[in-house]
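As the structure is a prediction and not an experimental result, all values here were calculated from the model. Start at 1 and go down the list; that is how both ligands and their atoms are numbered.
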Amino acid sequence: MGAEMRLFLHIDMDYFYAACEEARHPELKGKPLAVGTSTVENKLKGVVQTCNYEARKLGIHSAMPTAMAFKLCPTLNYMPDDWEHYLEVSRRVMDAVKAEGFKTEVISVDEAVMDLGDIEYGKAEELGRLLKGRINTELKLPCTIGISVGKSYAKMVCDISKPNGLGVLKEEDVKGFLKDKEVTKLLGIGEKTAERLKEMKVTTIGELAKANPLSLENKFGSFGKDMYLLANGIDNGKVVENAETLSIGRERTFDKETKDMDEVAHMLKALAKEVMAEVNKQGYWFKGVSVKARYSDFTEKLKNRKFANYTDSESIMLSSGIEMIRPLIGEKAVRKVGIRVYELNPKKGQKSL
Ligand code: DCP
Ligand code: MG
Ligand code: MG
């Protein structure tokens, strides 16, 4: 591996929304399942957001009208979209990814990439296997990981390793891997660009790699140069940490389950202090606070609130946390509570807000 070579690890959750449903309704596993935009009563009205691989075998896919999906599989299990839950699961996935301690960019609700630096292939693969295992045991979710010498190659190898896979694409294999693929498989090249490349008799990435770089630059500007380099195995994409999708939270299990609000408030106070210490250490303002209660039957309730302005006040965090959690306490015994701030904004380099 060259001196300046870095490895990137891309992770994408498998059939994410539907996998979140399988995780909390294990009885749905192994049977075709779709998550869609409409209620159960109106399930023929909306579209499929995603479906598990049992349903995909029958031809069902994201963005397909639900009515069509039921035509393909009359016994299809259907769950309505519960994005608040998926967002919370997503946060836990991203926390697990970030806990590895590398620079991480969250790309979407179920996707992230991290910059592993000049680590060896074997080490990177081991890290991928451990992360996969942890997400699988702790969150009951399958995922796929791709590792390669560039940000977009890592994503591409992740895509072809689905589902439940771990793919490594080494530097010496990148060009061969890219060669016969259509240009649209390259990050950033959509149908329109593909049409314009066709005018230059370029349809595969291999052909793009051999095209004249100057003509590409004339036609597409600096993007022309980037795509030429990408096609030639040079990926200069950087991992950009995104503060706004970051969140900082702490949660803790009680020694003994409780229905007592005073005890909960006491715990929340300690957790808020820890969260604030971390927020200060990292130097953020925050705009949102969320709380969570997990009950003895392992169900959970969440509440969140967004303020009009950024703040760095521990007492605001705590008072809104207590206010939000109060109605969640009393009926069922609570095992665990948590508090989290989100919509973070770095203080560094900012004078006022
Ligand atoms: N999603 C959606 N509508 C779409 C596509 C996706 O609502 N047209 C949502 C549901 C998906 C989630 O985004 O679960 C993540 O999208 P992915 O493209 O990563 O697809 P999946 O995770 O569902 O499946 P895969 O295993 O192919 O990654
Ligand atoms: Mg996915
Ligand atoms: Mg995705």
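Between Tyr86 and Tyr17, the two ring planes are parallel [angle under 30°; tilted spans 30° to 60°].
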Can you check salt bridge (Lys or Arg N to Asp or Glu O under 4.0 Å) on Glu251 and Arg294, steps first, answer last?
-> CA-CA 10 Å; Glu251 47 185 67; Arg294 176 181 281 196; 5.8 Å; no

Report the C-alpha distance between Asp235 and Lys151 in whole Å, list the side-chain angles of each, state the deciding distance to 0.1 Å, and finish with yes or no for salt bridge (Lys or Arg N to Asp or Glu O under 4.0 Å).
-> CA-CA 7 Å; Asp235 183 347; Lys151 191 178 166 185; over 6 Å; no

Walk me through it: do Arg134 and Glu100 pass the test salt bridge (Lys or Arg N to Asp or Glu O under 4.0 Å)?
-> CA-CA 11 Å; Arg134 199 136 42 76; Glu100 297 294 344; 2.4 Å; yes

Report the C-alpha distance between Glu182 and Lys185 in whole Å, list the side-chain angles of each, state the deciding distance to 0.1 Å, and finish with yes or no for salt bridge (Lys or Arg N to Asp or Glu O under 4.0 Å).
-> CA-CA 6 Å; Glu182 292 194 12; Lys185 293 279 178 214; over 6 Å; no

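Atom 28 (O) of ligand 1 has as its closest protein heavy atom Asp12 OD1, 2.9 Å. The closest protein non-hydrogen atom to atom 23 (O) of ligand 1 is Thr50 OG1, 2.5 Å. For atom 8 (N) of ligand 1, the nearest protein heavy atom (residue, atom name, distance) is Ser62 CB, 3.8 Å. Scanning the protein for heavy atoms near atom 27 (O) of ligand 1, the closest one is Arg56 NH1, 3.0 Å. Taking atom 17 (P) of ligand 1 as the reference point, the nearest protein heavy-atom neighbour is Asp110 OD2, 4.0 Å. Remark: minimum distance from atom 1 (N) of ligand 1 to any protein heavy atom is reached at Gln49 O, 3.6 Å.
Remark: among candidates Tyr15, Tyr86, Tyr53, Tyr17, the nearest residue to atom 21 (P) of ligand 1 is Tyr15, based on non-hydrogen atoms.
No side-chain heavy atom of Met156 sits less than 4.5 Å from a side-chain heavy atom of Leu169. A heavy-atom distance below 4.5 Å is not found between the side chains of Leu141 and Glu22.
With a heavy-atom cut-off of 4.0 Å, Lys162 touches ligand 1 through its side chain alone.
An N or O contact shorter than 3.5 Å is missing between Val109 and ligand 1 by distance. Taking only nitrogen or oxygen atoms, main chain and side chain alike, Phe16 reaches within less than 3.5 Å of ligand 1. Not one N or O of Glu111 is nearer than 3.5 Å to an N or O of ligand 1, by distance alone.
Figure legend: Lys287 and Phe307 shown without cation-pi pairing, the cationic atom not lying both under 6.0 angstrom from the six-membered ring centre and within 45 degrees of its axis.
Of the residues listed (Lys281, Met276, Gln282), the one engaging Ile248 in a side chain to side chain contact (heavy atoms under 4.5 Å, CB included) is Gln282, and it is the only one.
The side chain to side chain donor-acceptor pair (under 3.5 Å) test applied to Gln49 returns no partner, not counting sequence neighbours.
Using modelled atom types, one finds a donor on one side chain and an acceptor on the other under 3.5 Å when comparing Thr299 with Asp297.
Counting only protein atoms, the N, O or S atoms lying less than 2.8 Å from the Mg ion (ligand 2) are Asp12 OD1, Met13 O, Asp110 OD2, ordered by chain and residue number.
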